[in-house]
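Here's the structure, in structure tokens; my notes come after.
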Protein chains: 2
Amino acid sequence: MSTEPIPISRLDGTHKRTQRLLIEVADVLGHKWHPVILAQLLNGEPHTFSELGSAIDDVSNKMLSDSLSTLQDAGLVDREVVSEKPVRVRYTLTERGHDLEAVLDPMLRWGREHLAGEAIARSDARTSLRRSGAIGGEVADE
Amino acid sequence: MSTEPIPISRLDGTHKRTQRLLIEVADVLGHKWHPVILAQLLNGEPHTFSELGSAIDDVSNKMLSDSLSTLQDAGLVDREVVSEKPVRVRYTLTERGHDLEAVLDPMLRWGREHLAGEAIARSDARTSLRRSGAIGGEVADE
DNA sequence: CTGCATCCAGAACGATACTG
DNA sequence: CAGTATCGTTCTGGATGCAG
């Protein structure tokens, strides 16, 4: 039923309601570590505080803790204490959080095509031919 | 080659490169007015400074001007002086900017489903049945 | 009509250190 | 191990007024 690979359409920013929604969503995803944390949690696996911390590794305790609190408040992640002795907390995505994959994926995709490294140079590279799986490239970094 | 409407997948936040891209994209879309302006430009054609200003109407001159400059710097919008007497400037999307539709649309979609006014209530709306025009609902706001 | 200059309050980010 | 407390710096959003 899907018309095209990229139907997109009624983005209609003319409505105030639409504008507000965009602002609200941007407010959630506009924080430096939120998208990264969410992406991390989307991968599945067990995700404890320290696991997240080392996986992201450029984030400080405060930032991680702060971000997780905010995300939890927003109802995007769920917090669950797993162990008592060495305190362990497991973070998982709520449904709303999981649904954000539909936004994070395009974000990443766009980033890969348009600013992967800062070598822009006004190239009008209309390379729209990269639609298929070629994207999973994941160059082994660092 | 999954040709599904929503393939989504390698969000793999485990890679630093991926994390950085997400951060960079979030940095662009994370500004209050950027998404709104972009959405506005995605709509129709003629978009001058004042047109944008009245279409968005909760934005001040400074914010609009500031945002437009940033977006222009980022290579997302193009600035073109149209008239000299009553100075008129026309803003249009560059290709990169236009491609952001692929991100803005999901953002709006997610917003509508998960925080449109706060009336969520856990609808497991995995109901991809809303794929068609149903979305254009655009409740007459204001 | 555009949009820059100033001034400001508040939020985001980050490093470090400390508690449960 | 998880998370909080502080402190300080930078950025952002916004009002207002002036200039090209």
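Just so it is clear: chains get the letters A, B, ... in the order the sequence lines come, proteins before strands, and each one is counted from 1.
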Which atom names give the shortest non-hydrogen contact between A/Val59 and A/Gly53, and what distance separates them?
CG1-O, 4.2 Å

Results of side chain to side chain contact (heavy atoms under 4.5 Å, CB included) for A/Asn61 - residues two or more places apart only:
A/Phe49

Starting from the first five and the last five pairs of the helix from C/dC1-D/dG20 to C/dG20-D/dC1, work out the angle between the resulting helix axes, to 10 degrees.
40°

Contacts of B/His31 meeting ring-ring contact (aromatic ring centres under 6.0 Å, His included) (sequence neighbours excluded), chain-then-number -> B/His34

N/O donor to acceptor pairs below 3.5 angstrom from side-chain atoms of residues 73-86 of chain A, sequence neighbours left out:
| from | atom 1 | to | atom 2 | distance (Å) |
| --- | --- | --- | --- | --- |
| A/Ser83 | OG | A/Pro86 | O | 2.8 |

Reading nucleotides 2-15 of chain D from 5' to 3' and marking B where a protein heavy atom lies under 4.0 Å of the base, S where only the sugar-phosphate is that close, and - otherwise, the string is SBBBB-----SBBB

Donor-acceptor pair, distance only, cut-off 3.5 Å: does the side chain of A/Glu51 make one with the backbone of A/Thr48?
yes

Bounds of contact between DNA chain C and chain B, in 5' to 3' order, using a heavy-atom cut-off under 4.0 Å
C/dC1 to C/dT6

Compare all side-chain heavy atoms of A/Ile23 with those of B/Val36 and state whether any distance is below 4.5 angstrom.
yes

Sequence neighbours excluded, which residues qualify as side chain to side chain donor-acceptor pair (under 3.5 Å) partners of B/Gln72?
none

Under 4.5 Å between any side-chain heavy atoms of A/His98 and A/Thr94, yes or no?
no

So, using side chain to side chain contact (heavy atoms under 4.5 Å, CB included) as the criterion, who are the partners of B/Leu52 when residues are at least two apart?
B/Gln40, B/Leu41, B/His47, B/Leu64, B/Leu68, B/Tyr91

With a 4.5 Å limit on heavy-atom distance, are the side chains of A/Leu29 and B/Leu29 in contact?
no

